[in-house]
Amino acid sequence: MDVKQAKITAVGHYLPEFRMTNFELEKLMDTNDEWIRTRTGISERRILKDPDKATAFMGAEAAKEALENAGVDASEIDLVILATVTPDFLFPATACLVQNMIGATNAFAFDLSAACSGFLYAVSTGSMYIESGRAKKVLVIGSDKMSSILDYTDRTTSILFGDGAGAVLLEESNDGTGLIDQIHHTEGDTNCSLYQHAGGSRNPATKETVENRQHYITQDGRAVFKKATMGMADVSLEIMKKNNLEPEDVAWLVPHQANLRIIDATANRMGLSSEKVMININKYGNTTAGTIPLCLYDWKDKLNYGDNLILAAFGGGFTWGAIYLKWGIK
Ligand code: COA
């Protein structure tokens, strides 16, 4: 089979207007701006207030912007992959709703669940369709309405997350830029360190599950922090070594935005100075599948054609991974 190369040819985003600052959170729970900023790097996050809008809406808006930036009509899309842990419904897949909202009438569509690594797993999956020649244009979307599963009485977790979405268009590359390598890992989390316990087939919704607040995200923050710091740094180094990349060869680290301290530890292990690291956690918090495409969107005007980027993430599952790509937009 003639193996092709996939590259990102456009980026889009969506962020809700409402900014929930740390000071707003101070009114809801026993926390303070100083603690949140110093322990996480977050100052504010966006929250989707409109009760009629959710993950599909944000994903569709991000996708429409990516298509507009690429000058591609939605009818040309072959495949839509949407990464999320906050689907509009358990089924049908949120990607199906987006496919309809954007008018991608010739595309098939499915969701991918890999928590904070969802966007990376989805880019890897989408790239395989391009590389095999089975698809020419693939939309990969990371969208999460985390506020829908946050317990605002739990100060250890609710302060971390925000809502948002990003999308990229993958197309065939014919100039040597694009996705070069990808490494992914999984370690089933039997200790329930990062879970939403109810709402699935194991614990369907009951009066008790609601009363026990089991439909919210819960985590053992310290345990996840340790795992995430090790996982993201290890896999980033692994992909650098595998591709003989020295720190000076890497133009940008595009890290999942879970905690500024996790990002700093990863950059340090990679030997990268802070100027080479995309950070927007201060403005958006952790938007789960949205963080990496939102970084790409925010930095798109600073990226140079041919820049070496390392994308890295760690998330629930546990899932983690890294992608090495050469930026291919001129
Ligand atoms: N405001 C004020 N104090 C808080 C607080 C808050 N929002 N949340 C926790 N605290 C308190 C704790 O109760 C604890 O008090 P104690 O020492 O009296 O018991 C103290 O702050 C330290 O708590 P600890 O959990 O050790 O803090 P931490 O430095 O580990 O930071 C997290 C907590 C959640 C920010 C951090 O562990 C983290 O980022 N984990 C990873 C989470 C993550 O990324 N999850 C998504 C998947 S990628």
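Order of listing sets the numbers, starting from 1, for every ligand and every atom in it. Both backbone and side-chain heavy atoms feed into the values below; hydrogens, waters and symmetry mates do not.
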Scan the protein's non-hydrogen atoms and note whether one is under 4.0 Å from [atom].
| atom | value |
| --- | --- |
| atom 18 (O) of ligand 1 | no |
| atom 13 (O) of ligand 1 | yes |
| atom 40 (N) of ligand 1 | yes |
| atom 47 (C) of ligand 1 | yes |

Original post:
Can a salt bridge be assigned to the pair E238 and K242 using a cut-off of 4.0 Å between side-chain N and carboxylate O?
Top reply: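 No, E238 and K242 are not salt-bridged.
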
Subject >> Lys/Arg-Asp/Glu bridge criterion (N-O < 4.0 Å) met for R46, D163 >> reply: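 No, this pair does not count.
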
Tell me if a side-chain donor or acceptor on [X] pairs with a main-chain N or O of [Y] at a distance below 3.5 Å.
| X | Y | answer |
| --- | --- | --- |
| S148 | K145 | yes |
| Q257 | M278 | yes |
| D189 | N191 | yes |
| N304 | D307 | no |

Original post:
Is the F314 ring parallel, tilted or perpendicular to the F318 ring (thresholds 30°, 60°)?
Top reply: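 Tilted.
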
Can you sort out which atoms of ligand 1 are near [X], meaning under 4.0 Å from one of its heavy atoms?
| X | answer |
| --- | --- |
| F314 | 48 (S) |
| L194 | 47 (C) |
| T40 | 35 (C) |

Original post:
Counting only heavy atoms, which portion of W35 has something under 4.0 Å from ligand 1: side chain, backbone, both, or neither?
Top reply: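 Under 4.0 Å from ligand 1, W35 contributes side-chain atoms alone.
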
Original post:
Should the proximity of I36 to ligand 1, defined as any heavy atom under 4.0 Å, be assigned to the side chain, the backbone, both, or neither?
Top reply: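 It is neither; nothing of I36 touches ligand 1.
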
Which protein heavy atom lies closest to [atom], and at what distance to 0.1 Å?
| atom | answer |
| --- | --- |
| atom 15 (O) of ligand 1 | R155 NH2, 4.5 Å |
| atom 6 (C) of ligand 1 | T31 OG1, 3.3 Å |
| atom 34 (C) of ligand 1 | T156 O, 3.6 Å |
| atom 31 (O) of ligand 1 | R261 NH2, 3.5 Å |
| atom 23 (O) of ligand 1 | R222 NH2, 3.8 Å |
| atom 44 (O) of ligand 1 | A258 CB, 3.3 Å |

Original post:
Quick one: which of M232, Q219, Q257, R39 has a heavy atom closest to atom 29 (O) of ligand 1?
Top reply: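 Of the listed residues, R39 has the closest heavy atom.
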
**OP:** For residues 72-86, pull every pair meeting side chain to side chain donor-acceptor pair (under 3.5 Å), keeping only residues two or more places apart or in separate chains.
**Re:**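 Only T55-T86, D73-S75, T84-T86, T84-D144, T86-D144 qualify under side chain to side chain donor-acceptor pair (under 3.5 Å).
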
Subject >> pair E44-I42: side-chain heavy atoms closer than 4.5 Å >> reply: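 No, their side chains stay 4.5 Å or more apart.
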
Original post:
Would you say ligand 1 has an N or O under 3.5 Å from any N or O of G221?
Top reply: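 Yes - when backbone and side-chain N and O of G221 are compared with those of ligand 1, one distance drops under 3.5 Å.
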
Subject >> Test applied, ring-ring contact (aromatic ring centres under 6.0 Å, His included); reference residue, H13; option that passes from W299, Y297, Y284 >> reply: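 When ring-ring contact (aromatic ring centres under 6.0 Å, His included) is applied between H13 and each of W299, Y297, Y284, only Y297 qualifies.
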
**OP:** Count the heavy atoms of every other residue, nucleotide or ligand shown that sit under 6.0 Å from CZ of F89, and state whether that count exceeds 12.
**Re:**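 Incorrect, the count does not exceed 12.
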
